[in-house]
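Below is one structure, written out as structure tokens, with a few remarks after it.
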Amino acid sequence: MMKALFLSILALLPAAASAQRDTLGVLERSSVFSAEDERAVAGFHTESPAMMLYRSEQSLSQISLRIDLRREQEALLQPLGDGAFDGGFYAESYRRLSERSATWADARYVRGNRRNVCWNSTADYLLLYPCITADSAGGNLSTEEYAFGGGYVHRVGRFDLAIRGDYRAGQEYRQVDPRPHNVVSDFTIKLGVGMQFPQYVLGLDLQGRLYKQDQDIDFFYPPGASSSELYMTGLGSYYTRYSLNSESFNIGYDGKGCLLAAQLMPRHAKGWYARAAFESLTTERLNKSNNTVPITRLKTRQATLSAAYRSGRWCLRAGGGYELRRSIEMIADRTGHSVIVDEQAMYKNRIWHADAEATVEWRRGTVNYMLSPRAEWRQSTATYAYPVRRMRLAQFCGAVRGSAEWLRPQWRVKATAGIGCYVSPDEEVSLSNVLNNISEYLTYTAARLSGRAVAPEVSLRAERRLSRNLACFAEAGWTPRFYSGGLSEHVLTATFGILF
């Protein structure tokens with residue numbers, strides 16, 4: 001994987017040649033790409049390959065080493081553990097080839113570990129829940145991930161034609177019973193087309209996705225095993241038929257998805273932005289130890305809508321969405337032929353979310369200031385058909401963030417600080433016929449997710465010019481969260497790299 005990463009990084013290096021045609025120096029280009037009004041609408045560019053032609057008239061590439069540290073007094077989500085430590089190499093590049101074409105690419109290689117992961121033995125938990133395997137023993141997980149992607153867009157007459165591909169591979173494993181070894185392969189390809197009008201561009205995107213995960217779980221000392229692996233199906237339910245603590249067994253996840261989106265944005269940065277998207281992913285969980293019989297099918301459907309208005313030094317943005325997760329349980333015959341004789345949709349999770357933010361920038365002397373208030377609301381309602389179970393959670397967040405940027409001929413320094421407050425106006429947990437330890441875990445999770453919290457953030461980034469088109473940089477950030485019950489969590493990041 002490291003060899004492939006270095007090859008990906010080398011593929012980005014030719015972007016330095018394009019910098020010779022840029023009208024701005026490297027520090028000025030970095031300032032343009034990280035401007036707050038640009039950040040507010042960045043998703044409209046990066047989500048649509050055809051719109052990457054309008055991201056910037058400048059080119060910028062970055063290669064960096066990043067370290068991430070997370071520590072929680074008690075895990076907010078036990079399936080993700082109470083801490084993590086990751087270190088990785090990252091490379092990304094946006095290259096403007098001409099007025100009619102652009103290309104971009106990114107790559108990363110990350111290794112690390114997660115501490116005290118419990119009630120989850122499956123990689124990509126947030127993607128696959130509730131159809132996961134889980135145990136109460138838990139333990140530390142070692143992780144490794146490699147990913148790369150890139151795209152190209154070219155204008156032909158009034159049309160912008162674009163393509164983007166991404167691939168992610170990863171593995172995670174543990175050296176104590178139960179011992180999962182998960183290998184993930186995730187591939188997406190996206191096609192885009194944009195049609196130009198006098199002031200705006202209308203774009204359409206179509207994406208396909210293939211997802212696979214192979215999961216081997218071993219018990220080296222099954223006679224003394226203190227926990228079984230449970231095939232979870234939602235809100236504390238699990239397949240008794242398949243759950244066990246034998247010497248080993250194998251599970252597979254096979255997913256296929258698509259995305260369709262439409263987008264409108266201005267040709268010259270200022271104006272209205274709008275995007276509507278629908279995404280679908282269907283993933284089957286296969287019991288490979290038993291003739292690869294499918295035992296669950298998870299259908300995830302998501303619709304999102306976002307809009308923004310950008311005008312000079314200020315920007316307004318708002319968005320919302322709805323996600324439906326349905327888990328269908330399969331019933332196979334007991335003749336050994338693994339024929340599915342029945343299937344029932346037992347679990348549903350409906351998630352609503354909405355957010356809005358405003359960004360304003362102004363300059364005093366040689367310092368550029370920014371202020372950005374934000375509000376966010378999210379509600380999740382999960383139900384299980386029989387026995388009847390229900391969990392409803394809601395959360396509201398209000399936050400404000402500000403920054404100051406100093407740009408000098410040889411230096412660029414940007415300091416950011418902010419604070420957010422989280423409150424939960426609604427919580428309901430109704431569980432019946434659930435094992436005591438699973439019920440305690442779910443009830444505790446609901447209480448933590450509904451707790452009030454204060455979340456400050458601070459970061460500092462410094463860039464030093466080495467030549468007109470080359471600079472080095474260092475950046476550090478701290479984002480703690482303090483809960484009303486006295487618990488806290490801390491996330492620290494440190495990044496070092498070069499810009500060109």
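Values reported hereafter were calculated over all heavy atoms of this structure, with side chains retained and with hydrogens, waters and symmetry mates removed.
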Next on the checklist: Run Y129 and N349 through side chain to side chain donor-acceptor pair (under 3.5 Å) and show every step you take.
Outcome noted: CA-CA 10 Å; Y129 83 90; N349 186 195; 2.9 Å; yes
Checklist entry - Between R301 and R326, is a side chain to side chain contact (heavy atoms under 4.5 Å, CB included) present by the stated rule, with each step listed? => result CA-CA 9 Å; R301 308 290 184 262; R326 297 174 63 240; over 6 Å; no
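- Judged by distance alone, the side chains of H353 and E376 never bring a donor and an acceptor atom under 3.5 Å apart.
- In this structure, the separation between CG on L324 and CD on Q302 is 11.0 Å, given to the nearest 0.5 Å.
- With sequence neighbours left out, the salt bridge (Lys or Arg N to Asp or Glu O under 4.0 Å) criterion links D254 to K212, K256.
- Taking the side chain as every heavy atom from C-beta outward, Y167 and S185 approach each other to under 4.5 Å.
- Using modelled atom types, one finds no donor on one side chain facing an acceptor on the other under 3.5 Å when comparing N182 with T122.
- Listed by chain and number, the residues in a side-chain hydrogen bond (donor to acceptor under 3.5 Å, both in side chains) with Q213 are Y211 (sequence neighbours excluded).
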Item to check | Worked check of side chain to side chain contact (heavy atoms under 4.5 Å, CB included) between R275 and D205 | outcome: CA-CA 11 Å; R275 178 176 174 86; D205 301 323; 3.0 Å; yes
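- Contact of the M330 side chain with the R297 side chain is registered, since non-hydrogen atoms from C-beta on lie closer than 4.5 Å.
- Salt-bridge annotation for E475 and R461: present, with a side-chain N of the basic residue lying under 4.0 Å from a carboxylate O of the acidic one.
- With hydrogens and angles ignored, the 3.5 Å screen pairs a side-chain donor or acceptor of T103 with a backbone N or O of G151.
- Across all their heavy atoms, T495 and S64 have their closest contact at CG2-CB, 3.7 Å.
- With sequence neighbours excluded, the residues satisfying side chain to side chain contact (heavy atoms under 4.5 Å, CB included) with Y309 are W272, S311, W314.
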Item to check | Candidate pair L264 and M51, rule side chain to side chain contact (heavy atoms under 4.5 Å, CB included), full reasoning | outcome: CA-CA 9 Å; L264 181 72; M51 302 305 170; over 6 Å; no
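- Inter-residue side-chain proximity for R374 and R401 is flagged as unmet; no heavy-atom pair is nearer than 4.5 Å.
- Taken from CE in M391 to OG in S380, the straight-line distance is 8.5 Å, to the nearest 0.5 Å.
- For the residue pair R96 / S59, no side-chain donor-acceptor distance below 3.5 Å is found, with atom types taken as modelled.
- For the pair Y94 (side chain) and M52 (backbone), a donor-acceptor distance under 3.5 Å is present.
- By the side chain to side chain contact (heavy atoms under 4.5 Å, CB included) test, S101 pairs with L97, S98, Y152, H154, sequence neighbours left out.
- Remark: M232 CE to S237 OG distance equals 7.5 Å, nearest 0.5 Å.
- A distance-only check finds no donor-acceptor pair linking the side chain of Y347 to the backbone of P130 [under 3.5 Å].
- Of all heavy-atom pairs spanning A50 and G194, the tightest one is CB-N, 3.9 Å.
- Without hydrogens or angle criteria, S34 side chain to S30 main chain gives a donor-acceptor distance under 3.5 Å.
- Within the cation-pi definition used here (under 6.0 Å to the ring centroid, within 45° of the axis), R285 does not qualify as a partner of Y231.
- Between the side chain of S424 and the main chain of S450, a donor-acceptor pair closer than 3.5 Å is present.
- Checked against side chain to side chain contact (heavy atoms under 4.5 Å, CB included), S403 has the following partners two or more places apart in sequence or in another chain: E36, M370, K414, T416.
- For residues 160-173, the pairs satisfying salt bridge (Lys or Arg N to Asp or Glu O under 4.0 Å) are D106-R164, R114-E172, D124-R168, E145-R168, R155-D160, R164-D166, R168-D186, with sequence neighbours left out.
- For E72 against L76, the heavy-atom pair with the smallest separation is OE1-N, 2.7 Å.
- For A308, the side chain to side chain contact (heavy atoms under 4.5 Å, CB included) partners two or more places apart in sequence, or in a different chain, are V41, F44, Y273, R317.
- When atom types are taken as modelled, the side chain of Q215 and the backbone of S121 share a donor-acceptor pair closer than 3.5 angstrom.
- For E323, the side-chain hydrogen bond (donor to acceptor under 3.5 Å, both in side chains) partners two or more places apart in sequence, or in a different chain, are R325.
- If you take OG1 on T359 and CG on L316, they are separated by 8.0 Å, rounding to the nearest 0.5 Å.
- The existence of a salt bridge linking D135 and R174 is confirmed by a sub-4.0 Å separation between a basic side-chain nitrogen and an acidic carboxylate oxygen.
- Judged as a ring pair (Phe, Tyr, Trp, His ring centres under 6.0 Å), and not counting sequence neighbours, F85 has no contacts.
- Under the side-chain hydrogen bond (donor to acceptor under 3.5 Å, both in side chains) criterion, Y422 pairs with R481, not counting sequence neighbours.
- Taking OG from S280 and CG from L260, the interatomic distance works out to 11.5 Å, rounded to the nearest 0.5 Å.
- Taking all atoms of both residues into account, the shortest heavy-atom contact from Y54 to H45 is O-CE1, 3.3 Å.
- Residues that satisfy the side-chain hydrogen bond (donor to acceptor under 3.5 Å, both in side chains) test with R100, not counting sequence neighbours, are absent from this structure.
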Item to check | Trace of the side chain to side chain contact (heavy atoms under 4.5 Å, CB included) decision for E489 with R70 | outcome: CA-CA 7 Å; E489 65 181 59; R70 172 174 62 91; 5.6 Å; no
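- More than 12 heavy atoms of other residues, nucleotides or ligands shown are found within 6.0 angstrom of NZ on K288.
- Residues F500 and I63 are in side-chain contact: their nearest non-hydrogen atoms beyond the backbone lie under 4.5 Å apart.
- Other residues, nucleotides and ligands contribute at most 12 non-hydrogen atoms within 6.0 Å of the CD atom of Q199.
- Between L442 and G236, the shortest heavy-atom contact is CD1-N, 3.6 Å.
- Residues in residues 182-208 take part in no ring pair (Phe, Tyr, Trp, His ring centres under 6.0 Å) pair, two or more places apart or across chains.
- Considering CG of N469 and CG of L27, their distance stands at 10.5 Å, rounded to 0.5 Å.
- Side-chain contact, Q344 with D342: a donor N or O sits under 3.5 Å from an acceptor N or O.
- For the pair F473/R412, no side-chain contact is recorded, criterion being any heavy-atom separation below 4.5 Å from C-beta on.
- At a threshold of 4.5 Å between non-hydrogen side-chain atoms, the residues S459 and T493 do not count as touching.
- Residues E279 and R209 meet the side-chain proximity criterion, which asks for heavy atoms closer than 4.5 Å.
- With a 4.5 Å cut-off on side-chain heavy atoms, R55 and W104 do not count as touching.
- In this structure, Q395 and L449 approach most closely via the heavy-atom pair NE2-O, 3.5 Å.
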